[in-house]
Protein chains: 2
Amino acid sequence: MKTLQSTTFKAIADDTRLRVVNLFVTSREPLCVCEIVDALRLPQYQVSKHLTILKNAGLIIVEKDGTWGYHYLNENNPLNKMLFTFLKKYLVGEVFDDDIKRLEMRLLLREEGRCVVGFVDEKDLLIKIKEKKQELLVKE
Amino acid sequence: MKTLQSTTFKAIADDTRLRVVNLFVTSREPLCVCEIVDALRLPQYQVSKHLTILKNAGLIIVEKDGTWGYHYLNENNPLNKMLFTFLKKYLVGEVFDDDIKRLEMRLLLREEGRCVVGFVDEKDLLIKIKEKKQELLVKE
DNA sequence: ATATTATATGCCTATAAGTGCATATATGCA
DNA sequence: TGCATATATGCACTTATAGGCATATAATAT
């Protein structure tokens with residue numbers, strides 16, 4: 001006799017997974033693995049595993065688009081909705097804020113709302129963003 | 001680098017401890033171990049251990065009164081207050097409701113708001129409550 | 001087809017966590 | 001002082017979990 005609530009809390013009772021969930025509740029964007037990897041600066045296999053755990057706990061949903069996998073919060077469950085609302089306020093702190101900053105940078109590389117690059121080393125990110133701005137200028 | 005939030009979630013990521021916390025957020029009463037034992041119908045050593053975990057996580061505070069130990073929610077922390085408010089709405093379900101019913105019965109045995117008996121087997125509880133009512137009638 | 005890329009997963013190891021039982025501590029009372 | 005009672009804790013056992021590494025899968029593009 002396991003409660004749904006304890007299953008959920010087990011899923012988020014881990015710093016890495018809290019950081020992942022924080023990305024979702026703050027950005028409210030479907031995110032793909034590589035974007036999360038870059039935001040958290042963790043190995044891909046770690047992020048992938050933790051996403052699977054969150055998925056199995058019913059907290060997130062995955063939609064595949066080619067090789068890319070877009071993950072987003074599962075708001076179908078009323079308990080989940082309550083949880084996410086709560087977490088948005090509850091997850092405060094330097095770690096979480098820093099992750100969001102990196103995610104926001106990383107999302108600048110999207111094209112028409114879609115992820116178009118894989119992992120981007122943090123030191124290359126600013127350069128890539130500049131290139132993208134150049135491209136946009138040329139198009140105009 | 002462990003976040004406060006993950007520590008907290010680890011503490012409540014367990015069915016038994018969620019049930020304990022549910023007693024607190026619902027009753028808003030300081031409770032002693034024997035009352036919790038009777039409400040949850042779990043061995044005393046289990047309840048005691050889980051209370052220690054909740055205490056170490058900073059979620060509850062204990063105040064000793066003789067052999068009795070009154071446990072109550074630690075509302076000193078703003079994050080905790082948010083959490084408890086959330087949990088009060090979030091912890092719904094048969095298990096939690098049943099626990100509350102048994103706790104409410106059990107609390108009828110208090111005298112002037114204090115616990116005065118140890119463990120009471122569920123089948124003796126109704127009898128004891130009746131005895132108490134008799135006593136009160138005699139006093140009047 | 002083959003190479004590239006995005007993501008998932010199997011195996012290993014170390015550590016943590018929950019349960020049960022017995023027992024310790026500590027306070028109150030006769 | 002000695003006994004009953006409320007609560008805490010140490011030990012043994014078992015299971016769960018996270019991290020690291022290598023590799024598998026699967027879709028795209030050349």
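Below, read A as the first sequence line, B as the second, and so on, with proteins coming before strands; counting in each chain starts at 1. All values reported here derive from a predicted model rather than from experimental measurement.
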Visitor: Rounded to the nearest angstrom, tell me the gap between atom CG in A:Leu54 and atom P in C:dA8.
Guide: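 Value for this atom pair: 12 Å.
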Visitor: Can you find a pair of side-chain heavy atoms, one from B:Leu109 and one from B:Ile129, that are under 4.5 Å apart?
Guide: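 Touching, per the 4.5 Å side-chain cut-off.
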Visitor: Give the ring-plane orientation class for B:Phe24 versus B:His71, where under 30° counts as parallel, over 60° as perpendicular and anything between as tilted.
Guide: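 The rings of B:Phe24 and B:His71 sit tilted, inter-plane angle from 30° to 60°.
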Visitor: Applying the side-chain contact (heavy atoms from CB on, under 4.5 Å) test to A:Val20, which of A:Ile53, A:Leu54, A:Ile60 qualifies?
Guide: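 Only one option passes, and that is A:Leu54.
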Visitor: For A:Asp65 and C:dT7, what is the distance between atoms CG and P respectively, to the nearest whole Å?
Guide: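 In whole Å, C:dT7 P lies 10 Å from A:Asp65 CG.
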Visitor: Go along nucleotides 17-25 of chain C 5' to 3' and tag each nucleotide: B for a protein heavy atom under 4.0 Å from its base, S when only backbone or sugar atoms are that close, - otherwise.
Guide: SSSBBB---
Visitor: Mind checking B:Val37 for me? I need base, sugar-phosphate or nothing, with any heavy atom below 4.0 Å counting as a touch.
Guide: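 No contact.
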Visitor: Below 4.5 Å, heavy atoms only, C-beta onward: do A:Arg28 and A:Phe84 meet side chain to side chain?
Guide: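 Heavy-atom side-chain distance check passes, below 4.5 Å.
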Visitor: Polar pairs (N or O, both sides) under 3.5 Å between protein and nucleotides 2-5 of chain C?
Guide:
none

Visitor: Report yes or no: does B:Asp99 contribute a side-chain atom to a donor-acceptor pair with the main-chain N or O of B:Arg19 at less than 3.5 Å?
Guide: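 No; zero donor-acceptor contacts below 3.5 Å.
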Visitor: Among A:Asp38, A:Asp124, A:Asp121, find the residue that satisfies the salt bridge (charged side-chain N to carboxylate O under 4.0 Å, His left out) test when tested with A:Arg106.
Guide: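 By the salt bridge (charged side-chain N to carboxylate O under 4.0 Å, His left out) criterion, A:Arg106 pairs with just one of A:Asp38, A:Asp124, A:Asp121: A:Asp38.
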Visitor: Grab the CZ-C1' distance between A:Arg114 and D:dA27 for me, whole Å please.
Guide: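 For the pair A:Arg114 CZ and D:dA27 C1', the rounded distance is 15 Å.
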Visitor: Side chains of A:Ile12 and A:Leu83, heavy atoms from C-beta outward: is any pair under 4.5 Å?
Guide: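 Sidechains of A:Leu83 and A:Ile12: in contact.
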Visitor: How long is the gap from NZ on A:Lys89 to OG1 on A:Thr85, to the nearest 0.5 Å?
Guide: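 So the NZ of A:Lys89 and the OG1 of A:Thr85 are separated by 8.0 Å.
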Visitor: Can you measure B:Phe119 atom CZ to D:dA8 atom P for me and round it to whole angstrom units?
Guide: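 So the two atoms are 10 Å apart, to the nearest Å.
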Visitor: To the nearest Å, give me how far apart CG (A:Asp15) and C1' (C:dA16) are.
Guide: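 One finds 15 Å between C1' of C:dA16 and CG of A:Asp15, rounded.
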Visitor: Which value, rounded to the nearest 0.5 Å, describes the distance between B:Glu63 atom CD and B:Cys32 atom SG?
Guide: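 B:Glu63 CD to B:Cys32 SG: 13.0 Å, rounded to 0.5 Å.
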Visitor: For B:Val117 and B:Thr52, find the nucleotide of DNA chain D closest to each by heavy atoms; which residue's nucleotide sits nearer the 5' end?
Guide: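 Whichever sits nearer the 5' end wins; that is B:Val117.
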Visitor: Just how far, in rounded Å, is P of D:dA26 from CD of A:Glu63?
Guide: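 Value for this atom pair: 19 Å.
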Visitor: Mind calculating the distance between CG (B:Asn56) and P (C:dA16) to the nearest angstrom?
Guide: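 Atom-to-atom, B:Asn56 to C:dA16, this comes out as 15 Å.
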